[in-house]
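Take a look at the structure set out below.
Values in this document were obtained by computation on a predicted structure and should not be read as measured data. These numbers come from the heavy atoms of this one structure, side chains and all, not from hydrogens, waters or symmetry mates. Just so you know, ligand 1 is whichever comes first in the structure, and atom 1 is the first atom listed for that ligand.
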Amino acid sequence: MLRYSLIVAVCESFGIGFKGDLPWHIKSELKYFSSTTKRVCDPAKRNVAIMGRKTYFGIPASKRPLPERLNIVLSTTLTPEDLPADVLLCNNLEAAMQKMESKEYRDQIENVWIVGGSGVYAEAMDSPRCHRLYLTKVQGQFECDTFFPKIPQGFREVPLEGDTPQGVQEENGIKYEYKILEKQ
Ligand SMILES: NC(=O)c1ccc[n+]([C@@H]2O[C@H](COP(=O)([O-])OP(=O)(O)OC[C@H]3O[C@@H](n4cnc5c(N)ncnc54)[C@H](OP(=O)(O)O)[C@@H]3O)[C@@H](O)[C@H]2O)c1
């Protein structure tokens, strides 16, 4: 069974979004998101980023689709013509995963990343396909209208990967810390 990991940045109230965008601007955290979701061991393969419709269109037009990753957008209202030809449209998460397990894709992809938003994260954490949650904890309160769902029981913190900065980081007065939780 093909598994996936989630990646998200949350503030103290577990807010993740405001008016279709991120509630904060932390360049180094965006770089971490980008390098983590792009990283492959086999250079002949690439990773997949699965996201809801609002998350996809919340990415600035000049930065989407997310480069060097196969982008999959979940939606029940879009049609393929609403998206660039190299972006896949699926009408549910399991359909997306089954597509990635199919003969057409399975040998081309390495890791699957769930990159939001709320409902997609909730469904993803409940599934046996869920491996890890890469969580950036942003200190402080930000105005948010979208929130990360409650993390189910059974997620345990594991050591950060080699190149990940340890401890509290700071950029423009915003403090944040990288964590990795693994589903037991
Ligand atoms: N802090 C972070 O790390 C982070 C990460 C991601 C997003 N965000 C923020 O979160 C906000 C967007 O998240 P959101 O929760 O509002 O929306 P979202 O999950 O990105 O998009 C919701 C839409 O996606 C489609 N969808 C979601 N789950 C689906 C499923 N299982 N099957 C089929 N379609 C599905 C539906 O589209 P249809 O209505 O077309 O069916 C739904 O209306 C933005 O502000 C964004 O910046 C933050």
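A search for ring pair (Phe, Tyr, Trp, His ring centres under 6.0 Å) contacts involving Tyr56 returns nothing, not counting sequence neighbours.
Checking only distances, Lys54 does come within under 3.5 Å of ligand 1, N or O to N or O. Considering backbone and side-chain atoms together, Trp24 places no N or O closer than 3.5 Å to any N or O of ligand 1. Taking distance alone, with nitrogen or oxygen atoms compared against 3.5 Å, Val115 stays at or beyond that limit from ligand 1.
Looking only at heavy atoms of the protein, atom 48 (C) of ligand 1 is closest to Ile16 O, 3.0 Å. Ranking the protein heavy atoms by distance from atom 15 (O) of ligand 1 puts Ser118 N, 2.8 Å first. For atom 42 (C) of ligand 1, the nearest non-hydrogen atom of the protein is Arg53 NH2, 4.5 Å. The protein heavy-atom contact nearest to atom 12 (C) of ligand 1 is Thr55 OG1, 3.6 Å. At the shortest separation from atom 18 (P) of ligand 1 among protein heavy atoms lies Gly117 N, 3.6 Å. Regarding atom 25 (C) of ligand 1, its nearest protein heavy-atom neighbour is Leu74 O, 3.1 Å. Among all protein heavy atoms, the one lying closest to atom 1 (N) of ligand 1 is Ala9 O, 2.8 Å. Nearest protein heavy-atom contact of atom 40 (O) of ligand 1 is Thr77 OG1, 2.4 Å.
The closest heavy-atom contact to atom 45 (O) of ligand 1, among the options Asp21, Val138, Val10, Leu135, comes from Asp21. Distances from atom 28 (N) of ligand 1 to the heavy atoms of Val120, Thr136, Asp145, Leu30 put Val120 nearest.
Heavy-atom distances between Gly20 and ligand 1 reach below 4.0 Å in at least one pair. Residue contacts with ligand 1 leave out Met51, since none of its heavy atoms falls under 4.0 Å from the ligand. By the 4.0 Å heavy-atom criterion, Phe33 is excluded from the residues contacting ligand 1.
When only modelled atom types and interatomic distance are considered, Tyr134 and Glu161 share a side-chain donor-acceptor pair under 3.5 Å. Counting only N and O atoms by type, the side chains of Thr79 and Glu81 include a donor and acceptor under 3.5 Å apart.
We find the CD1-NZ distance between Ile72 and Lys99 to be 8.0 Å, quoted to the nearest 0.5 Å. The distance from the CH2 atom of Trp24 to the CD atom of Glu143 is 12.5 Å, given to the nearest 0.5 Å. The line from CD of Gln139 to CD1 of Ile174 is 11.0 Å long, rounded to the nearest 0.5 Å.
Every atom of ligand 1 with a heavy atom of Glu123 under 4.0 Å away is listed here by number and element: 31 (N). Listed by number with element, the atoms of ligand 1 under 4.0 angstrom from any heavy atom of Asn91 are 32 (N), 33 (C). For ligand 1, the atoms lying closer than 4.0 Å to a non-hydrogen atom of Gly17 are 9 (C), 45 (O). For ligand 1, the atoms sitting less than 4.0 Å from at least one non-hydrogen atom of Phe18 are 45 (O), numbered in the order shown with element in parentheses.
For the side chain to side chain donor-acceptor pair (under 3.5 Å) with Thr136, the qualifying choice from Gln169, Glu29, Glu177 is Glu29, the only one to do so.
Residue Gln184 places its CD atom among more than 12 non-hydrogen atoms of other residues, nucleotides or ligands, all under 6.0 Å distant. Within 6.0 Å of atom NZ in Lys45, more than 12 heavy atoms from other residues, nucleotides or ligands are found, so the atom counts as buried in its surroundings. Shown here is Lys137, whose NZ atom has no more than 12 heavy atoms of other residues, nucleotides or ligands within 6.0 Å.
Checked against a 6.0 Å centroid threshold, the rings of Phe18 and Phe142 do not count as neighbours.
Under 4.0 Å from ligand 1, the heavy atoms of Tyr121 that appear belong solely to its side chain. At a heavy-atom distance under 4.0 Å, atoms from both the backbone and the side chain of Val8 approach ligand 1.
Using a 4.5 Å heavy-atom cutoff, the side chains of Lys38 and Glu68 are in contact.
Between Asp86 and Arg69 no salt bridge is recorded (no basic side-chain N to carboxylate O distance below 4.0 Å).
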